[in-house]
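Just so we're clear, the structure is a prediction, and the values are computed from it rather than from any experiment. Throughout, a chain's letter reflects where its sequence line sits, starting with A, and its residues are numbered from 1.
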Amino acid sequence: MARNSGDMFAHLIAVVRRVPRGKVATYGDIAYAAGYPGAARQVAWALHQSSGAPWQRIVGAEGKILLAAEHGQEQRLRLQQEGVAFRGLRVDMKSHRAKLSDLRRSKGSHA
DNA sequence: GATATGACGTCAT
DNA sequence: CATGACGCCATAT
């Protein structure tokens, strides 16, 4: 089976869209949860290519915002508006990092 | 097909 | 914590 990049982006974006409001995920987490460990860079590409996805909820490792200055400012503002708390220049991942088990597929644990 | 680039991640210094 | 280096993978030229 081919697994073309088109499928890859679709899966990546699907996972991105699963990140709940008020929470965030890292590029690596998205790639891993989508089934493409190591494709963290492609997550960024997927966000470029797609529109409508909650790009603001995707941050770098340790909750660091990687976007360029102005866009980074916008991302931070948007996250704060969603209720995400910051710790210096990073998101308070300790409280706002989405769980991989929550991103993998809906369903999941049922209690 | 090769080289350079990028909203990455981890490790070493 | 900042910088440099390497690994990873798709895109642009």
Side-chain angles (χ1 to χ4, degrees):
Chain A
M1 322 210 321
R3 274 351 177 255
N4 293 330
S5 51
D7 278 352
M8 177 185 247
F9 288 141
H11 283 283
L12 292 174
I13 291 299
V15 176
V16 170
R17 288 187 69 108
R18 271 189 195 86
V19 178
R21 180 176 170 279
K23 288 216 169 186
V24 301
T26 71
Y27 299 89
D29 283 353
I30 296 296
Y32 191 82
Y36 303 93
R41 300 187 110 138
Q42 276 46 269
V43 176
W45 258 102
L47 291 175
H48 266 270
Q49 192 252 253
S50 84
S51 58
W55 57 273
Q56 63 248 51
R57 295 186 194 140
I58 313 304
V59 296
E62 305 297 321
K64 202 171 178 179
I65 289 182
L66 304 177
L67 263 164
E70 315 235 342
H71 289 283
Q73 292 286 357
E74 184 177 332
Q75 179 173 18
R76 177 164 175 167
L77 289 175
R78 280 186 150 205
L79 289 175
Q80 289 182 326
Q81 284 173 20
E82 292 193 356
V84 176
F86 275 75
R87 202 169 180 193
L89 297 177
R90 315 180 190 170
V91 173
D92 184 354
M93 299 297 277
K94 204 170 165 163
S95 302
H96 300 288
R97 189 188 199 193
K99 295 180 182 174
L100 293 178
S101 26
D102 279 351
L103 300 177
R104 276 201 162 187
R105 294 182 198 263
S106 32
K107 151 80 134 20
S109 12
H110 51 75

Find every protein N or O atom lying less than 3.5 Å from an N or O atom of nucleotides 3-6 of chain B, and list the pairs.
from: B/dG6; atom 1: N2; to: A/Gln42; atom 2: OE1; distance (Å): 3.3

Original post:
Between B/dG9, B/dA7, C/dC9, which one does the side chain of A/Thr26 approach most closely?
Top reply: B/dG9

Subject >> Length of the line joining A/Ile65:CD1 and B/dC8:P, which is rounded to integer Å >> reply: 13 Å

Subject >> Flag, side chain of A/Gln75 to backbone of A/Gln56, donor-acceptor distance under 3.5 Å >> reply: yes

Original post:
Taking side chain as C-beta onward, heavy atoms only, is A/Tyr36 less than 4.5 Å from A/Gln42?
Top reply: no

Subject >> Nucleotide B/dC8, atom P - distance to OH of A/Tyr36 in whole Å >> reply: 20 Å

Original post:
Rounded to the nearest Å, what distance is computed from the CD1 atom of residue A/Ile13 to the C1' atom of nucleotide B/dA7?
Top reply: 12 Å

Subject >> Protein-nucleotide distance (A/Arg90, atom CZ; B/dG9, atom P), rounded to Å >> reply: 12 Å

Original post:
Just how far, in rounded Å, is P of C/dC8 from OH of A/Tyr32?
Top reply: 16 Å

Subject >> Integer-rounded Å distance: B/dA7 C1' and A/Arg78 CZ >> reply: 15 Å

Original post:
Are A/Val84 and A/Leu89 in one and the same hydrophobic cluster, where Ile, Leu, Val, Met, Phe, Trp and Tyr link if side-chain heavy atoms are under 4.5 Å apart?
Top reply: no

**OP:** Please indicate whether A/Tyr32 has more than 12 foreign heavy atoms, meaning atoms of other residues, nucleotides or ligands, lying under 6.0 Å from its OH.
**Re:** no

Original post:
Same hydrophobic cluster for A/Leu77 and A/Ile58, using side-chain heavy-atom links shorter than 4.5 Å among ILVMFWY?
Top reply: no

Original post:
Rounded to the nearest 0.5 Å, how far does CE of A/Met93 lie from CD of A/Glu62?
Top reply: 7.5 Å

Original post:
For B/dA7, does OP1 or OP2 lie under 4.0 Å from any side-chain N or O of A/Arg76?
Top reply: no

Original post:
C/dA10 P sits how many Å from A/Met8 CE, rounded?
Top reply: 4 Å

Original post:
How close or far is atom P of B/dA7 from atom CG of A/Leu66, stated in whole angstroms?
Top reply: 9 Å

